[in-house]
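Below is one structure, written out as structure tokens; the observations come after it.
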Amino acid sequence: MNEEGLIDGPAVSFSEDEWQGVASAATEDQALYLELDGWEGPLDLLLDLARRQKVDLRRISILELVDQYLTYIEQAEALRLELAADYLVMAAWLAYLKSALLLPREEQPDPSPEELALRLQLRLQRLAAMRDAAARLMGRDRLGRDVFQRGAPEGLRIDRKNLWQCDWFALVQAYGQVKARTVPVVHMVRDRMVMTLDSALARVSAMLGVNLDWMDLRDFLPPQADPKLKRSALASSFVAALELARLGKAEIAQEHVFGPLKLRGIKA
Amino acid sequence: MDELVRAVEATLFAAEEPMSAEAISTHLGGANVKDALAELEEQYRERGVQLVERGKRWHFQTAPDLAHLLRREREETRRLSRAATEVLAIVAYHEPVSRAEIEAIRGVQTAKGTLDVLMEAGWVRIVGRREVPGRPVIYATTPLFLSHFGLESRKDLPGIDELRAAGLLDPVEDALAAAMDVPDVGETEPAEQESTD
Amino acid sequence: MDELVRAVEATLFAAEEPMSAEAISTHLGGANVKDALAELEEQYRERGVQLVERGKRWHFQTAPDLAHLLRREREETRRLSRAATEVLAIVAYHEPVSRAEIEAIRGVQTAKGTLDVLMEAGWVRIVGRREVPGRPVIYATTPLFLSHFGLESRKDLPGIDELRAAGLLDPVEDALAAAMDVPDVGETEPAEQESTD
């Protein structure tokens, strides 16, 4: 196959069901497709139009192509088809290209319109080449469609077998560590002296019944008690005082923050 | 019949996936399987089932000329959209290639889903990033792509040599630079070739 | 090669289940496939893959003498985990021992998998049940255990006193600290022993 065949559509036979090129469906004349869905963007439309010139893409008449594209866009607009912005951008660019190409050579802008036209041509060639390549790829004998692998292979199974390693020293050392770790440890919970809330409640209310003056909370504590029991008694008596105050059996007063807490019974 | 050939034959028949010569060799305890593979390939050449190499991996498959007998109505291969086939071709012929490069060739944005479909099919995968600003992800085809399309390697891609020789796999910028250097070539060549049509 | 034979071959190769002669025939448009099947059976008789008929249905299968190729074992050397080493040591020192007893000695729960590993290694086995409520399984070491660790019998395992003398009963941190304090011991001792050779 020569180069031309690759670049030029017809030499490569499209398999009809793989790729239904829009151009292949169009008739010779002006029966232009006015379905925008048919093309994937302006470059695609341009390639389609170019292929209708039935010449090598390298010999394509860019001016003719521009005219065809602009005609297409005009028709679409006449039919009030909504054109995507990129089609209009391409139309504007092509209109500019056309006018630049028609200018006398010395007045042509930079980059030259020839260069722009060539660039467009190169892009069309590349897109066409890939489109043909795709069609040929899809037409190959494909696995699972044209050729098949074994339907029910037995499968190869690799069972992994572990060879465990351990040496004498590791074994003996591990036992030593188990023994060292698990030497019996006895935990003794010390018996702490506490005054329960119930006994504090009984004690405080009994003492309140006897004395009607303000008394410091600390005066309610058992005088000869162990200091540790005293701490417990203070906490319990405080909670008992709050409880009695809540029940309306006692009043609590404190003159300043962290000052002594005073307690007085209320006559029922 | 040679025992090694039989063993390679049995291994490949039983395998659920194509196997490289190395994998077969490992499976068979390190035997050199090159000759056995060549012999099997030859023995099966004319049969209804053939041994083929695709992307350095070997598998048995039915002969292509029997496709009409075997084509299954029920599981039609998924039809790819035109966009997806084009993207696949671009990846295959240009790999590794970034999405921007694909889009430059197609002239349209490529929907995210298009590459996803190809990756889901197992034909395309991400192979890294291009070390340019933005570090775009780059794509390439997989061994599964080669086996699915019956290609021994990417060299078998239809027409790839001609496309390369024609410069059609080079970026537009390169081709443009080349064309601008020798502006006459483009005009004389086509005229000569006309007679070959 | 006969076209019908090729077609039958490809059909059976691609089939997902064994096929009867009738089914093959139907698939191939009504051809008489009897002779083709017989011919294929003959052609494959000596190969690594064979065509066999089972209950009137035909399929390819790996030659029976190569069945071992379908399932291979790969051996991998792995170090016993710390937990498993401890459990093994406890079994060795206390056998026969139940799992609950192992746990009581270790002071931690012992995963079922740990004992499985030891049994897979062939060093520990179940030797019966303890005749107590729940009848727990009891474990003991195997002859393979003795040979692997180079022991004549379990009596060769160092006793508690020897372990203590070797510092192996010290908590890990203490043993480490001791080792750091006297760095010279390890170097002087061998020098002395050299003369005894």
Side-chain angles (χ1 to χ4, degrees), chain A residues 1 12-20 133-192, chain C residues 10-18 59-62 67 69-90 92-93 104-108 117-118 120-123 145 148-151 156-158 160 162-164 166-172 174-175:
Chain A
M1 179 189 299
V12 180
S13 59
F14 285 103
S15 93
E16 201 76 22
D17 60 318
E18 280 296 344
W19 185 68
Q20 286 162 348
R136 293 174 64 178
L137 204 51
M138 293 303 137
R140 290 185 63 86
D141 290 324
R142 286 162 62 183
L143 203 58
R145 188 189 70 171
D146 308 295
V147 295
F148 298 87
Q149 283 175 287
R150 187 143 175 234
E154 290 98 336
L156 298 173
R157 242 184 55 199
I158 295 175
D159 295 337
R160 216 179 52 185
K161 190 176 180 226
N162 293 318
L163 278 182
W164 292 99
Q165 274 304 319
C166 183
D167 57 31
W168 179 89
F169 182 74
L171 181 75
V172 170
Q173 188 190 40
Y175 189 67
Q177 283 173 12
V178 169
K179 280 299 188 189
R181 194 176 65 216
T182 57
V183 166
V185 180
V186 180
H187 293 278
M188 301 286 283
V189 180
R190 260 180 306 168
D191 207 3
R192 296 177 61 191
Chain C
T11 302
L12 278 171
F13 173 86
E16 277 160 8
E17 358 188 273
H59 72 275
F60 280 110
Q61 69 173 33
T62 308
L69 292 177
L70 302 183
R71 198 162 302 168
R72 292 192 65 86
E73 277 191 353
R74 203 177 56 203
E75 297 192 329
E76 263 180 27
T77 305
R78 295 183 64 184
R79 244 199 120 60
L80 208 56
S81 72
R82 157 130 215 103
T85 309
E86 282 185 18
V87 172
L88 178 62
I90 293 167
Y93 273 89
I105 296 168
R106 280 189 77 208
V108 268
V117 163
L118 296 174
E120 183 192 287
W123 295 333
F145 163 81
H148 182 91
F149 289 91
L151 301 167
D156 290 353
L157 286 169
I160 294 295
E162 291 160 291
L163 290 178
R164 185 172 294 121
L168 286 172
L169 284 190
D170 299 336
V172 186
D174 294 358

So, for [X] and [Y], which heavy atoms are closest and what is the spacing to 0.1 Å?
| X | Y | answer |
| --- | --- | --- |
| A:Trp164 | C:Leu80 | CE3-CD1, 3.7 Å |
| A:Cys166 | C:Phe149 | O-CE2, 3.5 Å |
| C:Phe13 | A:Phe148 | CE2-O, 3.3 Å |
| C:Glu16 | A:Gly151 | CG-O, 3.5 Å |

Pairs of heavy atoms under 4.5 Å with chain A: top-ranked of [options]:
| options | result |
| --- | --- |
| C:Val87, C:Leu70, C:Leu118 | C:Leu70 |
| C:Val117, C:Leu12, C:Leu88, C:Ile105 | C:Val117 |
| C:Gln61, C:Arg106, C:His59 | C:Arg106 |
| C:Glu17, C:Arg82, C:Arg79, C:Arg71 | C:Arg71 |

**Message:** Less than 4.5 Å to any heavy atom of chain A: does that hold for the side chain of C:Leu69, its backbone, both, or neither?
**Reply:**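 Backbone of C:Leu69 only, per the 4.5 Å heavy-atom cut-off to chain A.
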**Request:** Below 4.5 Å from any heavy atom of chain A, which atoms of C:Val108 appear? Answer side chain, backbone, both or neither.
**Result:** side chain
**Request:** Tell me, with the steps shown, if C:Leu157 and A:Leu171 meet side chain to side chain contact (heavy atoms under 4.5 Å, CB included).
**Result:** CA-CA 10 Å; C:Leu157 286 169; A:Leu171 181 75; 4.1 Å; yes
**Interface moiety of A:Glu154 toward chain C, non-hydrogen atoms closer than 4.5 Å** =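 The side chain, not the backbone.
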Could you give the distance from [atom1] ([X]) to [atom2] ([Y]), rounded to the nearest 0.5 Å?
| X | Y | atom1 | atom2 | result |
| --- | --- | --- | --- | --- |
| A:Gln165 | C:Thr85 | CD | OG1 | 11.0 Å |
| A:Leu163 | C:Glu120 | CG | CD | 9.5 Å |
| A:Asp167 | C:His148 | CG | NE2 | 7.5 Å |
| C:Glu86 | A:Gln173 | CD | CD | 10.0 Å |

